[in-house]
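Each chain gets a letter, A, B and so on, in the order the sequences are listed, and its residues count up from 1.
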Amino acid sequence: MELNAILSEKIQEKNLSDLYFNVELPLIRCLFDMERVGLTVDLNVLNELNEQLSAEIATLVETIYDLAGEKDFNINSNKQLADILFGKLGLKASKKNKTGFSVSADVLEELEHPIVDALLRYRQLAKLKSTYIDGMKQVVNKATGRVHTDFKQCLTTTGRLSSNEPNLQNIPVRTAEGREIRKMFVAKDGNVLISADYSQIELRLLAHFSQEPNLIEAYKNGRDVHALTASKIFKTPLEEVTSSMRRSAKAVNFGIIYGISGFGLAKNAGVSQKQAKAFIEEYFATYPKVREYMDQNVALAKQQGYLTSLAGRLRYFPELTSPQYTIRAFGERAAMNFPLQGSASDIIKIAMLRVYNALKEGNFKSKLILQVHDELIVEAPEEEREKVIELLRENMKNAVELTIPLDVGVAYGKNWYDAK
DNA sequence: TCATGGCGA
DNA sequence: TCACGTCGCCATGAT
């Protein structure tokens with residue numbers, strides 16, 4: 001009771017009453033139900049994947065030992081691996097870390113030796129096996145065959161949730177082999193998994209907050225913003241934008257959200273630092289209000305010490321007063337990113353509550369089971385499928401009112417792989 | 001317990 | 001010139 005008085009006052013003082021009482025507090029029940037319901041893991045699929053992975057890993061280990069001309073070392077030990085590559089094989093070390101020579105993927109990719117492909121492939125498959133196969137086995141409930149993640153509501157600085165034991169927010173999707181992992185997460189009998197995800201929500205928030213006319217026009221008219229950005233930064237007519245130009249522009253758009261630097265973009269987009277810098281200049285020339293918005297955010301964070309998200313969530317930026325450039329620059333990037341990432345998390349939390357309540361009030365058997373930052377996943381009986389898709393779409397699109405519309409993509413299937 | 005590397009949005 | 005994109009979780013080896 002003593003704490004109640006003190007904390008209640010603080011909540012009011014910081015204008016957090018709405019966020020606390022209307023979002024975070026009711027969300028607890030929603031998260032509890034999601035954790036309790038869980039999700040089925042098909043152990044037959046898991047075991048099948050395990051056998052395929054184990055077989056290929058075994059042959060890769062032989063290949064690596066052959067090419068190294070030695071089998072008395074642990075491939076998983078970066079220290080031992082570095083000794084083989086840069087000692088025994090005489091390859092040129094390019095990057096150091098605190099413990100010695102780096103053997104990260106981007107370093108390996110620069111090396112010219114047949115062992116590199118085998119190592120990268122080994123790393124990829126070993127990661128899938130240890131983290132997603134062996135790791136998942138350990139947390140499946142033996143009686144029910146389901147896994148129950150633990151969503152942490154009060155952990156991140158941006159308002160996002162985090163997921164652990166198992167982490168169901170980082171299940172592979174980018175590579176074909178990794179994506180296979182998703183086949184083991186299945187809907188129970190007579191059900192489907194429905195996935196509904198916000199399309200480019202952080203970029204839309206950037207358009208909303210910056211009020212950049214070019215971005216607002218694009219989103220109001222359903223344009224392809226990555227292609228549009230490509231057309232501008234490459235000074236090329238929209239019809240002549242290639243997929244490679246679009247890919248670079250996409251990296252720029254994402255980079256902006258994270259508080260970009262020429263160096264970071266160069267590394268990410270695979271272009272020269274000079275080229276990256278030119279992209280950024282052209283980007284800001286095209287969308288001048290975005291630069292104003294970013295500058296204003298950093299200035300405001302410096303002046304008042306904090307920023308707020310759409311729903312009034314606070315983040316403080318003590319790094320901005322540091323005498324050290326690196327720490328200060330980190331604070332500046334975080335200040336550019338927080339309102340976007342934080343507001344996106346506000347929006348999906350509001351959407352979760354609306355979906356949760358709508359399913360309950362409509363007496364649906366469908367259950368909200370997962371949230372993956374910009375995506376909601378529902379386990380739905382076949383016969384409820386179409387109604388629930390509509391319910392997800394409407395509640396997510398209308399969670400909040402912005403200058404520009406929110407767009408939601410939906411897919412479904414018997415397993416998570418097919419629901420993408 | 002820390003550092004590295006790698007998976008996601 | 002230096003630094004060098006946000007937020008997380010987890011497996012592994014070295015200490």
Side-chain angles (χ1 to χ4, degrees), chain A residues 73-82 95-108 119-120 122-136 138-139 149-152 155-175 177-179 181-182 195 197-203 206 251-269 273 276-277 280 294 315 317 319 324-342 344-345 348 370-376 416 420:
Chain A
F73 75 101
N74 184 345
I75 305 170
N76 295 319
S77 163
N78 295 334
K79 191 172 179 297
Q80 292 180 38
L81 183 60
K95 210 167 83 177
K96 295 189 76 164
N97 56 38
K98 286 176 187 172
T99 56
F101 293 118
S102 169
V103 288
S104 64
D106 48 319
V107 167
L108 297 188
L119 280 172
L120 291 171
Y122 169 85
R123 282 244 182 98
Q124 187 199 356
L125 301 186
K127 168 83 178 179
L128 294 176
K129 176 169 157 55
S130 69
T131 302
Y132 299 104
I133 300 287
D134 301 340
M136 205 56 64
Q138 293 173 23
V139 294
T149 190
D150 178 4
F151 286 112
K152 303 286 184 194
L155 189 145
T156 70
T157 49
T158 56
R160 277 187 175 183
L161 302 175
S162 81
S163 158
N164 55 32
E165 278 187 291
N167 181 359
L168 294 178
Q169 292 182 324
N170 76 339
I171 302 302
V173 68
R174 288 174 192 177
T175 69
E177 295 87 346
R179 208 174 186 138
I181 295 288
R182 295 186 168 226
S195 161
D197 71 304
Y198 281 115
S199 162
Q200 300 174 358
I201 188 167
E202 291 181 1
L203 220 41
L206 179 63
V252 175
N253 280 325
F254 278 112
I256 294 293
I257 290 171
Y258 297 140
I260 204 166
S261 74
F263 180 90
L265 178 64
K267 217 173 115 176
N268 199 278
Q273 208 162 322
K277 211 175 156 197
I280 296 169
M294 291 294 182
R315 177 169 174 177
F317 299 92
E319 299 89 351
Q324 293 184 56
Y325 170 83
T326 314
I327 295 177
R328 223 167 45 243
F330 171 80
E332 289 173 0
R333 293 193 298 273
M336 293 188 244
N337 176 260
F338 168 72
L340 304 172
Q341 193 179 128
S345 67
I348 199 160
L370 289 178
Q371 185 251 53
V372 189
H373 308 309
D374 65 357
E375 170 188 18
L376 297 180
W416 200 354
K420 254 288 175 184

- Task: Indicate, with a heavy-atom threshold strictly under 4.0 Å, whether A:G255 touches base, sugar-phosphate, or nothing.
- Result: base
- Comparing nearest nucleotides in DNA chain C, the 5'-proximal residue of the pair A:T326, A:F330 is A:T326
- Query: Taking the side chain as C-beta and beyond, is there a heavy-atom pair between A:L265 and A:Q273 under 4.5 Å?
  - Reply: no
- Query: Looking just at side-chain N and O atoms, do A:N170 and A:N167 make a donor-acceptor pair shorter than 3.5 Å?
  - Reply: yes
- Task: Rounded to the nearest angstrom, tell me the gap between atom NZ in A:K95 and atom C1' in B:dG5.
- Result: 11 Å
- Message: Can you identify which nucleotide, out of C:dC9, C:dC7, B:dG8, has its nearest atom closest to the A:R315 side chain?
- Response: C:dC7
- Query: Would you say a side-chain N or O of A:R160 is under 4.0 Å from OP1 or OP2 of C:dC7?
  - Reply: no
- Message: Quick check: do A:L128 and A:T131 have side-chain heavy atoms less than 4.5 Å from each other?
- Response: no
- Message: Is the shortest side-chain heavy-atom distance between A:L206 and A:Q200 below 4.5 Å?
- Response: no
- Name the closest nucleotide to the A:K79 side chain, picking from C:dT6, C:dT15, B:dG5. C:dT15
- Query: Distance check: side-chain N/O of A:S162 vs OP1/OP2 of C:dC7, anything under 4.0 Å?
  - Reply: no
- Message: Under 4.0 Å, counting only non-hydrogen atoms across every strand here, what does A:K127 touch: a base, just sugar-phosphate, or nothing?
- Response: base
- If you look at every strand shown and take non-hydrogen atoms under 4.0 Å, does A:E202 touch a base, only sugar-phosphate, or nothing? nothing
- Determine: side-chain N/O of A:N74 to OP1/OP2 of C:dG13, distance under 4.0 Å, yes or no. yes
- Query: Which part of the nucleic acid, if any, lies within reach of A:S163 when heavy atoms closer than 4.0 Å are counted: base, sugar-phosphate only, or nothing?
  - Reply: sugar-phosphate
- Please tell me which of the listed nucleotides, C:dC9, C:dG8, C:dC4, lies nearest to the side chain of A:N164? C:dC9
- Item | P gap between B:dG5 and C:dC4, integer Å | 15 Å
- Nearest to the side chain of A:N76 - B:dG8, C:dT6, C:dT12? C:dT12
- Task: For A:N337, report the nucleic acid contact type (base, sugar-phosphate, nothing); a contact means any heavy atom under 4.0 Å.
- Result: sugar-phosphate
- Item | A:T99 side-chain N/O to B:dA3 phosphate OP1/OP2 under 4.0 Å | no
- From CG of A:D134 across to P of C:dC9 the rounded distance in Å is 21 Å
- Message: How many whole angstroms separate atom CE of A:M336 from atom P of C:dC7?
- Response: 12 Å
- Query: Without hydrogens or angle criteria, can the side chains of A:S345 and A:R160 be said to hold a donor-acceptor pair below 3.5 Å?
  - Reply: no
- Could you tell me whether A:E375 contacts a base, only the sugar-phosphate backbone, or nothing, with contacts defined as non-hydrogen atoms closer than 4.0 Å? nothing
- Please work out if A:L155 contacts a base, only the sugar-phosphate, or nothing of the nucleic acid, heavy-atom cut-off 4.0 Å. sugar-phosphate
- Note on the structure: Rounded to whole Å, the NZ-P distance (A:K129 to C:dT12) equals 9 Å
- Message: Over all strands shown, is A:A251 touching base, sugar-phosphate only, or nothing at heavy-atom distances under 4.0 angstrom?
- Response: base
- Item | Length of the CG-P vector between A:L168 and B:dA9, whole Å | 13 Å
- Give the rounded distance in Å between these two atoms: CG of A:D106 and P of B:dC7. 12 Å
- Message: Taking any heavy-atom pair under 4.0 Å as a contact, classify A:F254: base, sugar-phosphate, or nothing.
- Response: base
- Give a yes or no answer on whether the side chain of A:N164 reaches the backbone of A:P166 with a donor-acceptor pair at less than 3.5 Å. no
- Note on the structure: note: A:I327, atom CD1; C:dC2, atom P; distance rounded to Å ~ 19 Å
- Query: Reckon A:I171 touches a base, only the sugar-phosphate, or nothing at all at heavy-atom distances under 4.0 Å?
  - Reply: sugar-phosphate
- Given B:dA9, C:dT12, B:dG5, the nucleotide with the shortest approach to the side chain of A:S130: C:dT12
- Query: OP1 or OP2 of C:dA3 sitting under 4.0 Å from any side-chain N/O of A:Q324?
  - Reply: no
- Message: Looking at A:F151, I want to see if its CZ is surrounded by more than 12 non-hydrogen atoms of other residues, nucleotides or ligands under 6.0 Å.
- Response: yes
- Task: Would you indicate whether A:K129, at its atom NZ, is surrounded by more than 12 heavy atoms from other residues, nucleotides or ligands within a distance under 6.0 Å?
- Result: yes
- Winner on side-chain proximity to A:A334, out of C:dC7, C:dC10, B:dA9, is C:dC7
- Message: With a 4.0 Å limit, can you tell me whether A:N97 has a side-chain N or O closer than that to the phosphate oxygens OP1/OP2 of B:dT4?
- Response: yes
- Does A:R123 put a side-chain nitrogen or oxygen below 4.0 Å from OP1 or OP2 of B:dC7? no
- Note on the structure: Among C:dT6, B:dG6, C:dC10, the one nearest any side-chain atom of A:A105 is B:dG6
- Message: Please report the distance, rounded to the nearest Å, between CH2 in A:W416 and C1' in B:dG8.
- Response: 9 Å
- Rounded to whole angstrom, note down the C1' distance from C:dT1 over to B:dG6. 32 Å
- Item | Closest nucleotide among B:dG5, C:dC7, B:dG8 to the A:T158 side chain | C:dC7
- Tell me which nucleotide among C:dA14, C:dC9, C:dT12 gets nearest to the side chain of A:N167. C:dC9
- Query: Between C:dC9, C:dA3, C:dA14, which one does the side chain of A:Y325 approach most closely?
  - Reply: C:dA3
